[in-house]
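Input: a single structure, listed below in structure tokens.
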Amino acid sequence: MALRVYNTMSARKEDFSPVEPGKVRLYVCGITAYDYCHIGHARANIVFDVISRYFGWLGYDVNYVRNFTDIDDKIINRANELGVDSRELAEKFMLAFEEDMQALNCDTPTFQPKATENVSQIIELIQGLIGKGLAYESGGDVYYAVTEFSEYLKLSKRNMDEMIAGARIAPGEQKKNPMDFALWKAAKPGEPQWESPWGPGRPGWHIECSAMSMRYLGESIDIHGGGKDLIFPHHENEIAQSEGATGKPFARYWMHNGFVNVDQEKMSKSLGNFFTVREILEKYDPEVLRFFVLSVHYRSPIDFSEKNLEDARHGLIRFYEALKAIEELPAPDLGTGKVAVPISGDDEKAWEPAAKALENFRGAMNDDINTALALGNLFEAVRAVNRVIAEKKVEENTEWLKRLKTIHGQMLEAGGVLGLFQSPAEAWLNRMKISGLEEAGLSAEKIEAFIEERKNARQAKDFARADAIRDELAEKGIILLDSPQGTTWKKK
RNA sequence: GGCCCCGUCGCCAAGUGGUAAGGCAGAGGUCUGCAAAACCUCCAUCACCCGUUCGAAUCGGGUCGGGGCCUCCA
């Protein structure tokens with residue numbers, strides 16, 4: 001089955017076919033560096049990280065470009081509010097962004113160009129647009145004349161007349177048409193500025209993406225991505241700029257991720273339900289957040305809540321428990337007394353979700369990067385693994401041992417594409433165990449002491465005392481696990 | 001007002017014509033001193049109505065309900 005992706009331009013899933021065979025040119029709009037990134041940014045970047053990784057896994061040579069907007073009104077305004085230099089402010093938040101991305105296990109893109117390092121390319125592009133009659137200078141500003149680009153609004157599918165009726169012109173702007181947008185803004189006192197044919201100024205927001213995309217990926221690219229909110233005006237304007245300048249199709253596929261809601265409400269600063277990645281990671285393991293994001297299809301809205309994060313955490317634990325169980329098994333070619341017992345027909349059927357794990361993974365991902373389905377398929381493999389380990393004497397059967405080790409590798413391989421399951425299972429589970437213990441007034445040592453006391457009570461057949469200890473720990477969220485090898489514990 | 005999306009088990013969430021994945025929670029069972037964990041089994045006909053079709057959660061029309069974009073925004 002071929003890879004299909006949903007294209008916002010056509011509003012349907014299309015077979016993926018790159019401009020250049022074997023290569024993928026991917027451009028994703030990055031952040032404007034004026035604040036810490038929030039869970040919406042986290043989602044967008046996790047989603048496109050997975051998309052990039054998946055193409056790589058399929059064997060494509062991926063050129064992934066994600067820009068930094070490091071010169072913009074918002075940055076200047078914020079810097080003025082704080083009384084700091086706008087360049088320093090941008091630097092600070094770009095650095096913070098990279099730290100957050102690293103925490104979320106997002107690969108570094110092939111290129112991360114900055115707007116301020118591409119000003120000459122931007123100026124050149126604007127000159128080209130002016131030369132073609134698609135842009136005009138006005139009072140030191142340069143605007144794009146949207147009525148000159150006949151395909152304007154083809155991505156967002158809006159109506160020009162109605163857009164004009166609702167458009168607003170900011171004070172000081174001298175546009176021919178209210179819908180025209182700025183390519184270049186004349187410098188105001190104290191702002192960062194560059195020399196240009198139209199006098200000192202700085203780039204408008206949209207032009208940088210056209211310029212950097214062209215510089216790093218060429219005139220026609222395969223995929224342009226970003227959040228749904230960027231469809232209009234940002235991406236619409238990019239199309240006008242790029243296709244207006246080159247006369248060639250800009251991007252073959254437009255992919256947009258859905259929003260993040262918080263407790264069923266739109267996340268916004270005014271509602272006070274705005275979470276930065278840093279705040280979330282104080283409380284949750286980054287992999288849990290990543291797992292949560294990928295448990296929903298990228299185009300659907302996702303609801304961020306304590307309950308949903310908790311569910312995600314339990315789900316991830318289930319994966320790591322299964323991986324750990326396999327890791328604790330002996331290698332198939334060591335030891336004595338092992339035999340290769342043939343697998344029965346019924347067992348083969350039960351094992352199928354594991355046997356076809358990678359095939360199913362690919363099938364789900366090929367259908368518009370359906371990570372939710374892919375995880376569902378992997379859960380079925382987990383169930384097959386658990387079943388076999390619980391029911392079969394796998395330690396004595398080289399055939400089962402081989403199969404379990406194989407599926408372990410495949411789960412890590414699929415996990416590698418999703419950016420999940422890459423921690424050593426036991427270490428990760430231990431980290432989960434001890435996180436949050438202090439708040440409950442506990443420590444690993446204290447729990448071990450309780451376990452020892454309970455063991456003695458049990459040996460003395462003082463089950464009342466033994467159960468009391470267990471109940472007490474259970475109230476603090478600690479579950480005791482008895483086994484022939486002794487008692488271990490885990491967090492609820 | 002314009003454009004667009006959604007409504008699937010208690011919660012989360014896949015599924016866009018062929019008879020409802022998965023996770024969490026729940027019930028019963030195996031195991032256990034009793035539990036827990038693990039495993040097994042069970043647990044929905046898809047907001048509503050009318051159509052198209054041999055066949056629809058999936059297509060068309062309508063009703064009700066929820067949400068987004070149209071201004072900076074992932």
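Order of the sequence lines sets the chain letters (A, B, ...), proteins ahead of strands, with each chain counted from 1.
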A:Lys154 meets the salt bridge (Lys or Arg N to Asp or Glu O under 4.0 Å) criterion, sequence neighbours left out, with A:Glu151, A:Glu243
Cationic tip of A:Arg66 above A:Phe48 ring, under 6.0 Å, 45° of axis = no
[options]: which one has an atom nearest the side-chain heavy atoms of [X]?
{"X": "A:Asp482", "options": "B:A37, B:A35, B:A74", "value": "B:A35"}
{"X": "A:Pro233", "options": "B:C39, B:C72, B:G15", "value": "B:C72"}
{"X": "A:Arg158", "options": "B:C70, B:A36, B:G15", "value": "B:C70"}
{"X": "A:Val296", "options": "B:A74, B:A13, B:A36", "value": "B:A13"}
{"X": "A:His297", "options": "B:A74, B:G15, B:G33", "value": "B:G15"}
{"X": "A:Ala390", "options": "B:C72, B:C39, B:A37", "value": "B:C39"}
{"X": "A:Lys266", "options": "B:G68, B:C34, B:A36", "value": "B:G68"}
{"X": "A:Asn257", "options": "B:U16, B:A35, B:A74", "value": "B:A74"}

When you check every protein heavy atom under 4.0 Å of nucleotides 20-27 of chain B, what one-letter string (B, S, -) results, 5' to 3'?
-> -BSBS---
Between A:Tyr143 and A:Phe181, is the ring centre distance below 6.0 Å?
->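 That pair fails the under 6.0 Å test.
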Would the A:Tyr64 and A:Phe55 ring centres measure less than 6.0 Å apart?
->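 No, the ring of A:Tyr64 stays outside the 6.0 Å limit from the ring of A:Phe55, centre to centre.
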N/O donor-acceptor pairs under 3.5 Å from side chains in residues 377-390 of chain A, not counting sequence neighbours:
none

Using a distance-only test with no angle check, is there a side-chain donor-acceptor pair under 3.5 angstrom linking A:Tyr54 and A:Asn366?
->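 Per modelled atom types, A:Tyr54 and A:Asn366 side chains form a pair under 3.5 Å.
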State, without any angle test, whether A:Glu238 and A:His224 hold a side-chain donor-acceptor pair at a distance under 3.5 Å.
-> yes
Please report, to 0.1 Å, the donor-acceptor pairs under 3.5 Å made by any side chain of residues 285-296 of chain A, with sequence neighbours excluded.
{"residue": "A:Asp285", "atom": "OD1", "partner": "A:Arg431", "partner atom": "NH1", "Å": "3.0"}
{"residue": "A:Asp285", "atom": "OD2", "partner": "A:Glu287", "partner atom": "N", "Å": "2.9"}
{"residue": "A:Asp285", "atom": "OD2", "partner": "A:Trp428", "partner atom": "NE1", "Å": "3.3"}
{"residue": "A:Glu287", "atom": "OE1", "partner": "A:Tyr320", "partner atom": "OH", "Å": "3.0"}
{"residue": "A:Glu287", "atom": "OE1", "partner": "A:Trp428", "partner atom": "NE1", "Å": "3.4"}
{"residue": "A:Glu287", "atom": "OE2", "partner": "A:Tyr320", "partner atom": "OH", "Å": "2.8"}
{"residue": "A:Glu287", "atom": "OE2", "partner": "A:Phe421", "partner atom": "N", "Å": "2.7"}
{"residue": "A:Arg290", "atom": "NE", "partner": "A:Leu418", "partner atom": "O", "Å": "2.8"}
{"residue": "A:Arg290", "atom": "NE", "partner": "A:Gly419", "partner atom": "O", "Å": "3.4"}
{"residue": "A:Arg290", "atom": "NH1", "partner": "A:Asp49", "partner atom": "OD2", "Å": "3.2"}
{"residue": "A:Arg290", "atom": "NH1", "partner": "A:Leu104", "partner atom": "O", "Å": "2.9"}
{"residue": "A:Arg290", "atom": "NH1", "partner": "A:Asn105", "partner atom": "O", "Å": "3.0"}
{"residue": "A:Arg290", "atom": "NH2", "partner": "A:Asp49", "partner atom": "OD2", "Å": "2.8"}
{"residue": "A:Arg290", "atom": "NH2", "partner": "A:Leu418", "partner atom": "O", "Å": "2.9"}
{"residue": "A:Ser295", "atom": "OG", "partner": "A:Phe292", "partner atom": "O", "Å": "2.7"}

Scan every strand shown for a Watson-Crick or G-U wobble partner of [N], both distances under 3.5 Å, and answer none if you come up empty.
{"N": "B:G1", "result": "B:C70"}
{"N": "B:C39", "result": "B:G29"}
{"N": "B:C34", "result": "none"}
{"N": "B:A14", "result": "none"}
{"N": "B:C64", "result": "B:G7"}

Sort me out a list of protein N/O and nucleotides 56-58 of chain B N/O pairs below 3.5 Å, or just none if empty.
none

Could you check whether A:Phe463 and the base of B:G33 form a stacked pair, meaning centres closer than 5.5 Å and planes differing by less than 30°?
->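 Base of B:G33: stacked against A:Phe463.
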Backbone N or O of A:Trp254 within a donor-acceptor pair of the A:Asn7 side chain at under 3.5 Å?
-> yes
Residue-phosphate contact under 4.0 Å: A:Arg387 side-chain N/O, B:C40 OP1/OP2 = yes
Answer yes or no: does a side-chain N or O of A:Asn308 lie under 4.0 Å from OP1 or OP2 of B:C11?
-> no
Sorted by first residue and then second, give each side chain to side chain donor-acceptor pair (under 3.5 Å) pair with at least one member in residues 302-315 of chain A; sequence neighbours left out.
->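 Those involving residues 302-315 of chain A are A:Lys283-A:Glu306, A:Tyr284-A:Glu306, A:Ser305-A:Asn308, A:Lys307-A:Asp311, A:Glu310-A:Arg313.
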